[in-house]
Asks: 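Take a look at this one; I'll ask things after.
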Amino acid sequence: MRVRLPLVAVAALVVASAVAACGPSAPSNSASGSDAVLTIATTTDVVNFNPLVGNSRTDNWITSLMYPRLLTIDANGAKQPSLAKSFGYSDPSTGFYELRDDMKWSDGKPVTASDVAYTINAILKDKPAGNTTYGQLVNVDSASAPSPTRVELTLKTPDSTVVSEAGFWMNVVPQHVFEPAGSVATFANNSNWVSAGPYKLTSFAKGQSYTLERVTPYPFAPNNTPTASKIVYRVYPDVNTEILALKNGDVDLIANALPPAQVKNLQAASGIKVEEVPGLGYAHMAYNMTRKPLDNLMVRQALAHAVDYNAIRSVVLQGQAVSTGSSPIPPVLKNFADPSLQEYSFDPDLSKQLLAEAGYGPGKTLALTMIYSLQDAVTSQWATMVKDDAAKAGITINLQGMDRNTYLARTAAGDYDIYAGNFAIMDDPTTNMALAFLPEGAINYGKVDDPVLSALIINAQTTTDQVEQKRLIQQAAKLVHDNVYDNVMYMQNLYSAHSDKWSGFVIKPSELLSLVDPQSLANVTKS
């Protein structure tokens with residue numbers, strides 16, 4: 001899942017202060033204890049209330065409070081039980097989930113294996129546009145419910161990533177509501193909501209607010225009862241307006257991650273607490289190996305040694321990012337990360353030497369174009385630093401910043417020498433490396449086609465032995481590192497801010513979960 005991580009200039013606060021006066025009125029929130037209302041700021045409206053259709057961050061934050069996921073993730077990036085109390089494979093061609101038996105939809109009907117099997121089969125049948133889970137179910141033939149608590153997946157071919165990835169990304173929907181509506185690809189689901197989460201949407205005013213009321217019982221809350229009586233998402237035009245609203249007490253929490261330049265400002269602000277959220281993604285540059293001379297390893301190595309990674313993390317990210325060791329596996333994924341991999345050193349003299357050996361000595365300049373999205377302010381900043389540092393090694397990089405749609409079109413067409421961008425959530429190394437480095441991978445922006453690397457990834461996909469999978473993926477990551485198949489520059493730590501009157505938030509990796517994970521919001525308390 002690719003999400004842009006915005007950086008907003010501090011100067012925009014001056015403009016935002018005028019806009020804040022036009023924002024929606026804040027609901028009364030003077031109550032404490034079980035009557036308290038938690039108000040959350042967001043910068044986007046809901047696009048679709050159907051969680052099986054591609055959606056925005058706000059869509060996900062709100063629908064995930066109603067439609068449970070089989071699995072969640074811990075602070076180390078490991079999948080953990082949620083609706084499913086256990087999961088795995090009974091044989092290489094059969095996956096399973098064993099469900100809890102104490103969850104209900106808000107209309108009183110139990111959440112059963114039939115709901116899960118229906119959700120999976122409906123995604124396979126209707127192929128809803130933008131659905132993240134559909135791509136993860138490519139090797140699934142069908143799902144069945146042999147008992148009220150057991151779901152079985154019949155696989156077309158062994159695939160060890162299906163159960164954990166589908167379990168983490170897929171929202172389970174109520175069969176008795178969605179099936180009569182017809183295709184899940186076209187069902188709007190914009191009224192009369194039924195929830196098996198801690199809260200249920202009851203009303204909304206587009207561009208203003210979304211109100212969700214408490215649902216009981218919810219087994220992940222104290223005494224089966226979510227602690228806040230209501231959750232209200234309020235829509236603001238930008239993050240700076242959100243920050244002003246938080247400082248003014250109009251909201252209690254900002255859902256989206258803070259711009260790096262604002263973190264220290266809010267850490268020093270009275271009445272506000274800033275929480276660090278582990279990242280699950282990375283920023284990178286991919287060198288298009290279908291274009292000469294980028295098919296030459298020495299040229300890619302020269303480019304890798306012409307980047308001042310520490311300066312980028314210090315200046316652009318304000319120190320709020322860490323090295324991955326130039327590995328495609330973020331260090332937060334402790335079960336797979338390989339600490340022996342070392343980041344490419346910033347060494348312009350070594351770059352010049354490598355270029356000379358590749359035929360780019362004195363009198364022959366290497367000139368390349370790098371594309372990036374102008375809407376991605378963080379990348380826009382470090383792109384300039386990359387250009388300036390490359391010049392020290394005698395490399396000319398022509399920057400081509402463009403609007404997001406043009407950028408995506410150029411990316412899809414492979415029309416670039418260097419692709420600059422980021423991924424916000426890379427939660428499963430095996431799946432992510434298949435997407436990024438197999439020849440047909442959807443995000444293979446380096447156009448990698450290495451049979452040895454492909455074999456490692458495919459073998460990791462098919463084995464259900466976790467020790468063997470780790471060994472294969474670490475070998476694959478080292479191959480990516482040593483061949484500069486992707487230049488991973490940093491993993492950004494994220495920061496969220498909330499009123500210090502609220503406590504009990506459960507922090508989970510990524511902006512998708514952060515402090516607004518359903519189990520977190522079901523347990524917060526107001527002093």
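These values consider heavy atoms only, across backbone and side chains, with no hydrogens, waters or symmetry-generated copies.
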Asks: Does any pair with a residue in residues 124-143 pass ring pair (Phe, Tyr, Trp, His ring centres under 6.0 Å), and if so which ones, sequence neighbours excluded?
Replies: none
Asks: Answer yes if the ring centres of Tyr419 and His284 are under 6.0 angstrom apart, and no otherwise.
Replies: yes
Asks: With a 4.0 Å cut-off on N to O distance, would you call Lys206 and Asp45 a salt bridge?
Replies: no
Asks: Scan residues 101-116 for pairs that pass side chain to side chain donor-acceptor pair (under 3.5 Å), counting only residues two or more places apart or in two chains.
Replies: Arg100-Asp102, Trp105-Asp115, Asp107-His176
Asks: Tell me, with the steps shown, if Thr202 and Thr211 meet side-chain hydrogen bond (donor to acceptor under 3.5 Å, both in side chains).
Replies: CA-CA 6 Å; Thr202 55; Thr211 299; 5.5 Å; no
Asks: State whether the side chain of Asp238 and the backbone N or O of Asn240 hold a donor-acceptor pair below 3.5 Å, judged by distance alone.
Replies: yes
Asks: Should Lys200 and Val194 be marked as a side chain to side chain contact (heavy atoms under 4.5 Å, CB included) after you check the CA-CA gap, both sets of side-chain angles, and the distance that decides it?
Replies: CA-CA 7 Å; Lys200 181 180 73 171; Val194 174; 5.8 Å; no
Asks: Is the distance from the ring center of Tyr233 to that of Tyr210 below 6.0 Å?
Replies: no
Asks: Please determine whether a side-chain nitrogen of the Lys or Arg among Asp427 and Lys79 lies less than 4.0 Å from a carboxylate oxygen of the Asp or Glu.
Replies: yes
Asks: Treating Glu152 as the side-chain partner and Ala143 as the backbone partner, does any N or O pair qualify as donor plus acceptor under 3.5 Å?
Replies: no
Asks: Taking Glu98 first and then Arg150, would you say they form a salt bridge - that is, a charged N and a carboxylate O separated by under 4.0 Å?
Replies: yes
Asks: Tell me yes or no: between the side chains of Asn493 and Glu276, is some donor less than 3.5 Å from an acceptor?
Replies: yes
Asks: Sub-3.5 Å donor-acceptor pair from the side chain of Asn139 to the main-chain atoms of Leu155, do we have one?
Replies: no
Asks: For a side chain to side chain contact (heavy atoms under 4.5 Å, CB included) check, start with the C-alpha distance between Gln400 and Met370, then their side-chain angles and the critical distance, and finish with the verdict.
Replies: CA-CA 6 Å; Gln400 294 187 357; Met370 182 163 76; over 6 Å; no
Asks: Looking only at side-chain N and O atoms, does Asp159 offer a donor or acceptor that is under 3.5 Å from a partner on Thr161?
Replies: yes
Asks: Which pair of heavy atoms, one from Leu333 and one from Pro429, lies closest together, and at what distance?
Replies: CD1-CG, 3.8 Å
Asks: Carefully, step by step, assess Phe336 and Met433 under the rule side chain to side chain contact (heavy atoms under 4.5 Å, CB included).
Replies: CA-CA 12 Å; Phe336 286 90; Met433 294 191 73; over 6 Å; no
Asks: Tell me which one of Thr216, Ile231, Val215, Leu521 satisfies side-chain contact (heavy atoms from CB on, under 4.5 Å) with Pro226.
Replies: Thr216
Asks: Evaluate the side-chain hydrogen bond (donor to acceptor under 3.5 Å, both in side chains) criterion for residues Lys508 and Thr72: first the C-alpha distance (whole Å), next the side-chain angles of each, then the deciding distance (0.1 Å), finally the verdict.
Replies: CA-CA 9 Å; Lys508 294 194 175 183; Thr72 186; 2.6 Å; yes
Asks: So, Thr525 and Thr227: side-chain donor and acceptor under 3.5 Å apart, yes or no?
Replies: no
Asks: Could you tell me if the ring centre of Phe187 sits under 6.0 Å from that of Phe178?
Replies: yes
Asks: Is there a donor-acceptor contact under 3.5 Å from the side chain of Tyr97 to the main chain of Gly167?
Replies: yes
Asks: Does a donor on one side chain sit under 3.5 Å from an acceptor on the other, for Asp376 and Thr379?
Replies: yes
Asks: Going by the side chain to side chain donor-acceptor pair (under 3.5 Å) test, which pairs reach into residues 178-192, not counting sequence neighbours?
Replies: Tyr67-Asn189, Gln175-Glu179
